[in-house]
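The structure appears below as structure tokens.
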Amino acid sequence: MTKIQFELDGQQVEANAGETIWQVAKRHQKEIPHLCYSPEPDYRPDGNCRACMVEIEGERVLAASCKRTPSVGMKVKTESARAVAAQKMVMELLVADQPARETSHDPDSKFWHWAEKVEVTESRFPAAERWAGDTSHPAMSVNLDACIQCGLCVRACREVQVNDVIGMAYRNAGAKIVFDFDDPMGESTCVACGECVQACPTGALMPSVMLDEKQTRVTYADRQVDSLCPFCGVGCQVTYQVKDEKVIYAEGRDGPANHNRLCVKGRFGFDYIHHPHRLTKPLVRLPNAKKDANDQVDPANPFTHFREASWEEALDIAAKGLVKIRDEKGVKALAGFGSAKGSNEEAYLFQKLVRTGFGSNNVDHCTRLCHASSVAALMEGLNSGAVSAPFAAAMDAEVIIVIGANPTVNHPVAATYLKNAAKRGAKLIVMDPRKQALSRHAWKHLAFKPGSDVAMLNAMLHTIITEGLTDQQYIAGYTEGFDELAERIKEFPPEKMEAICGIPAETLKEVARVYARSRASIIFWGMGISQHIHGTDNARCLIALALTTGQVGRPGTGLHPLRGQNNVQGASDAGLIPMFLPDYQPVGRTDLREPFEKLWHQDLDPVRGLTVVEIMNAIHAGEITGMYIEGENPAMSDPDLQHAREALAMLDHLVVQDLFVTETAFHADVILPASAFAEKSGTFTNTDRRVQLAREVIRPPGDARQDLWIIQEIGKRMGLPWNYNGPADVFTEMTQVMPSLNNITWERLVREGAVTYPVDDPNKPGNEIIFTTGFPTESGRGKIVPAKVVPPDEIPDAEYPMVLSTGRVLEHWHTGSMTRRASVLDQIEPEAVAFMSPKDMRRLSVWPGDFIKLETRRGAVEVKVRSDRDVPENMVFMPFCYAEAAANLLTNPALDPFGKIPEFKFCAVRAEKVALQSAAE
């Protein structure tokens, strides 16, 4: 790289190509004022505040150091009389229009920091007329009397998050920052990511949680703690501001997954941990409190039916009940649900408890309801359930396919990379029956008919194979099964599949050609692919697309199933799966089971256990009578909820470990108060295979305890000789039986914070891109498996003419047990809604806000309807996070035969308008 030598304040220095004067000065510990430029994260410099002016010898005018790049022999002065006078004058002009520091919105802002530095905190100039504040948004306050029009918020919104809400409007003295068409922020299309708040240097944009009634910052943190976001699988790194053992604010930090970015949940969804309904004492069911599947948690008093107990009593009752069932009815009469919200160490210890304390493999977690079919196909084809490349690989791709996923809602920070890539010229192809925010950035949106994924994907494979667009060298060197695919795919020409999937044949061919011919193509998918009875076939098709074209194992290529919960990847790796021991080692393989038996000093069951839905069926059959559930909420997340709730109510003994009296805990015999994410330390593995260390931010409230301690205490009372001093001990044991953790130690994570597996050497970084030289299969080749077109289990008919699909909304997560207790998030989306196309609403004679009744063969709910042009005709989309209108009372429990995942994304439904009197009742 060519170095540029120049003189900086009399000192000879070198600049790298493209480096600005400001950046070189910073490397040499020289401070130059800056307000419109944010180097961390590295925003594009604009040079419009003029606070960073420097003098260049021989030039008539001063230069903005954040924009100007040096040239050979240039002589720059940052502290000359001219430069300093300019910096002071700029600051004085800006101070003139600011509220006085003692009454300013953020007296500790970057602006006032630099005002102090340049020794200008007062102004001789008259103040301009300023704008009134805007407090219309629940999360953020707009204080334009403090705005210096630096443009950082515009760049944050348009260039980093790519939401395009904030802009500059009007002219001259009337110019100002606006939201959309100068709407109040709360009425704009703002998604509350808060990037603008983090970028603002003056307090013109502030988080409302830190403001008093006068919109003034009222408190400062006692301390800051670096940890992680507790929500989706992106794994954003966060700094939490703490005062008086209470989290008061969250800020993004420069982690490898997020580079300072956050979404509304990560930035404003932390206060659920301080909710008054937090469990702080163990609870035991009252003797006269009968279990009834039709009973629901009383929102005003969720503790009805329970009494407080000491830890000693509660743990004894919990463990003795489990032991009694194990000893009297056999080991197969017990089952456990672990949690993808907990740490790797908790997941490992929980599955070890079930396998050694209970004595069977009846252990599962929410991946069964999310990506089980994706993992089944990936294990079958590649012998790896993990992503082949991180989501940031989209920045290196020429073509990006997003199918069956809505990243702007479910993985908003990951979505920013996709939007950034599209802005740079990548062809983004979104495939989903519903349109979405990402669609407006797309080259193509393929709105295929619900449930016709395989037909569409097979048509693309047909085009690639028949037109000779395959990578024959890659196929010969790294795959097996291509000949069978080439023969089977003859059945699926685009012209024939057009009638099934609803996408014109020419469009299917065009997309297939672009994907196959590009230098680098990558596929992202979500639960719209996996949550079908043909979910495994859907994933098989995606794997076949990548393998036949060689679009894997290189920068910008690969297969990436986006993980929904913060530790689905880690929990699966750690063995919370009924057919696999940790690291996906089959329970039936003696050679793979023996190392665990040796380490755990116990023979293990060689028979695969039951999955989530199978366990519920086994309870109804009288085969399972006791359960231990840690941090899961099947009474909200399972399909056909009435069936699931009846199963939970039937159990002889149910132990639930959680933060609140959830819909599941409501049926428990013992409830153990657990620790929230911010109250524990441990490792978490994000969707990129990145193992990251979370740190304890605050102590658990009252008498709540660490989850790891609770699991261990149950284990001890069931006869297990455990003595772990904390997560570090458990992690060290995990590294002995999990090859994926080779060369990752607890000490390394403490030192580095995050390491991506696999890692080749203790002193080398992890491999973000895998399968570069083959696959971890016996043959070293990836297996291509053809898929046939299978219709959904339940097709609409005259009685149930529409399709119901379920999912999430941006502000809420999973079953809502956390986010609905987060004040800002629940203010933004406070009530249950169903989304429907305007045409269907007109047909049903309903208006937005009216109640409709949705009924399937399993149940009915009444819910408000919201008009959404992105929803196709004859479809209803419903979030599943609202207990008062639980979508999963309606969904179909039919299972994919391979992944054993329910068909959440498709069932037949009837919709009708509800009379006002009925809705009121």
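Computed over heavy atoms, backbone and side chain alike; hydrogens, waters and symmetry mates excluded.
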For Leu693 and Leu228 the tightest heavy-atom approach is O-CG, 4.0 Å
Is it the case that the side chains of Asp896 and Ser373 hold a donor-acceptor pair, with the cut-off being a distance below 3.5 Å and no angle test?
no
Within-4.5 Å side-chain heavy-atom neighbours: Val863 and Met878:
yes
Does any part of the side chain of Ile533, heavy atoms only, come nearer than 4.5 Å to the side chain of Leu895, both counted from C-beta?
no
Atom OH in Tyr240, atom SG in Cys229: separation rounded to 0.5 Å?
5.5 Å
Could you go through residues 405-414 and list every donor-acceptor pair under 3.5 Å that involves a side-chain atom there, pairing it with any protein atom two or more places apart or in another chain?
from   : atom 1 : to     : atom 2 : distance (Å)
Asn406 : OD1    : Thr408 : OG1    : 3.1
His411 : NE2    : Arg563 : O      : 2.6

Could you check if a side-chain atom of Leu825 sits within less than 4.5 angstrom of a side-chain atom of Pro138, using non-hydrogen atoms only?
no
With a 4.5 Å cut-off on side-chain heavy atoms, are Tyr43 and Asn260 touching?
no
Glu663 versus Met636, closest heavy-atom pair with distance:
OE1-CG, 3.3 Å
Suppose we screen for salt bridge (Lys or Arg N to Asp or Glu O under 4.0 Å). Which residues come up paired with Glu903, at least two apart in sequence or across chains?
none
Side-chain donor or acceptor of Asn567 paired with backbone N/O of Gly342 under 3.5 Å
yes
Apply the test side-chain hydrogen bond (donor to acceptor under 3.5 Å, both in side chains) to residues Asn344 and Thr685: give CA-CA distance (whole Å), side-chain angles for both, the deciding distance (0.1 Å), then the verdict.
CA-CA 7 Å; Asn344 291 327; Thr685 306; 3.1 Å; yes
So that I can tick it off, tell me whether Arg689 and Glu768 are bridged by a salt bridge, with the cut-off set at under 4.0 angstrom between side-chain N and carboxylate O.
no
Among side-chain atoms of His812 and Glu829, is any donor-acceptor pair under 3.5 angstrom?
no
Where does the angle between the aromatic ring planes of His814 and Phe880 fall among parallel (under 30°), tilted (30 to 60°) and perpendicular (over 60°)?
perpendicular
Side chain to side chain contact (heavy atoms under 4.5 Å, CB included) between Arg267 and Glu195, worked out
CA-CA 9 Å; Arg267 195 179 300 276; Glu195 186 79 22; 4.2 Å; yes
Compute whether any side-chain donor of one residue and acceptor of the other, for Ser339 and His365, lie under 3.5 angstrom apart.
no
Do Arg821 and Asp826 sit within salt-bridge range, that is, some charged N less than 4.0 Å from a carboxylate O?
no
Would you say Lys900's side chain and Val613's backbone share a donor-acceptor pair under 3.5 angstrom?
no
Any idea how Phe524 and His560 line up, ring-wise: parallel (<30°), tilted (30 to 60°), or perpendicular (>60°)?
tilted
Euclidean distance, His371 NE2 relative to Thr687 OG1, rounded to 0.5 Å
7.0 Å
Between Gln692 (side chain) and Gly753 (backbone), is there a donor-acceptor pair under 3.5 Å?
no
May I ask you to check whether Phe684 and Phe677 place their ring centers less than 6.0 Å from one another?
yes
Could you check whether Arg820 makes a cation-pi contact with Tyr882, meaning its NZ or CZ is under 6.0 Å from the centre of the six-membered ring and within 45° of the ring axis?
no
Check the pair Gln436 / Asp870 against side-chain hydrogen bond (donor to acceptor under 3.5 Å, both in side chains), numbers first and verdict last.
CA-CA 6 Å; Gln436 53 180 276; Asp870 289 342; over 6 Å; no
Would Ser374 and Trp525 count as having a side-chain donor-acceptor pair, cut-off 3.5 Å?
yes
Side chain to side chain, Phe771 and Ser384, heavy atoms closer than 4.5 Å
yes
All heavy atoms of Asn163 vs all of Cys193, minimum pair found to be ND2-SG, 3.9 Å
Supply the atom-to-atom distance Phe270 CZ to Met818 CE, rounded to the nearest 0.5 angstrom.
13.0 Å
Is a side-chain donor-acceptor pair under 3.5 Å present for Ser637 with Asn888?
no
Okay, side chain of Asp537, backbone of Ala787: is any donor-acceptor separation there less than 3.5 Å?
no
Does the Lys NZ or Arg CZ of Arg540 fall within the cation-pi geometry relative to Phe898 - under 6.0 Å from the ring centre and within 45° of the axis?
yes
Begin with the C-alpha distance, continue with both residues' side-chain angles, and end with the deciding distance and a verdict on side chain to side chain contact (heavy atoms under 4.5 Å, CB included) for Val511 and Leu446.
CA-CA 9 Å; Val511 169; Leu446 273 58; 4.1 Å; yes
Residues Arg440 and Asp164 bridged, charged N to O under 4.0 Å
yes
Within 45° cone of Phe877 ring axis and under 6.0 Å: Arg434 NZ or CZ
yes
Where Ser521 and Tyr515 come nearest, the two heavy atoms and their spacing
OG-O, 2.8 Å
Using the rule given for side-chain hydrogen bond (donor to acceptor under 3.5 Å, both in side chains), can you reason through Ser823 versus Asp271, listing the C-alpha separation, both sets of side-chain angles and the distance that settles it, and then say yes or no?
CA-CA 7 Å; Ser823 57; Asp271 67 335; 2.5 Å; yes
Run the side chain to side chain contact (heavy atoms under 4.5 Å, CB included) check on Tyr272 and Leu659 step by step: do they pass?
CA-CA 10 Å; Tyr272 70 92; Leu659 307 179; 3.9 Å; yes
Does Met875 reach the side chain of Pro433, with side-chain heavy atoms less than 4.5 Å apart?
yes
Locate the shortest heavy-atom distance separating Leu205 from Cys196; write the atom from each residue and the value.
CD1-CB, 3.7 Å
Does one side chain, of Gln569 or Asn686, offer a donor that lies under 3.5 Å from an acceptor on the other?
no
Evaluate the side chain to side chain contact (heavy atoms under 4.5 Å, CB included) criterion for residues Asp254 and Gln237: first the C-alpha distance (whole Å), next the side-chain angles of each, then the deciding distance (0.1 Å), finally the verdict.
CA-CA 7 Å; Asp254 196 16; Gln237 294 193 4; over 6 Å; no
So do the side chains of Lys265 and Leu810 get within less than 4.5 Å of each other, counting heavy atoms only?
yes
Looking only at heavy atoms, which two atoms of Ala376 and Thr536 are closest? And how far apart?
CB-OG1, 4.1 Å
Donor on one side chain, acceptor on other, Asp364 and Thr611, under 3.5 Å:
no
Under a 4.5 Å cut-off applied to non-hydrogen side-chain atoms, are Ile273 and Glu679 in contact?
yes
Could you tell me whether Glu346 and Lys680 have a side-chain N and a carboxylate O separated by less than 4.0 Å?
yes
Please enumerate all residues that pass ring-ring contact (aromatic ring centres under 6.0 Å, His included) together with His532, with sequence neighbours excluded.
His534
Report the C-alpha separation of Glu159 and Arg44 in whole Å, then their side-chain angles, then the decisive distance to 0.1 Å, and conclude whether the salt bridge (charged side-chain N to carboxylate O under 4.0 Å, His left out) test is met.
CA-CA 9 Å; Glu159 299 175 19; Arg44 172 184 57 78; 2.4 Å; yes
How about NZ on Lys435, more than 12 heavy atoms from neighbouring residues, nucleotides or ligands closer than 6.0 Å, or not?
no
Can you find a side-chain donor-acceptor pair between Asp573 and Tyr757 that sits under 3.5 Å?
yes
Any luck finding a side-chain donor-acceptor pair between Arg158 and Gln161 under 3.5 Å?
no
Is there a donor in the side chain of Asp226 and an acceptor in the side chain of Thr239, or the other way round, less than 3.5 Å apart?
yes
Between Arg261 and Gln198, do the side chains contain a donor N or O and an acceptor N or O under 3.5 Å apart?
no
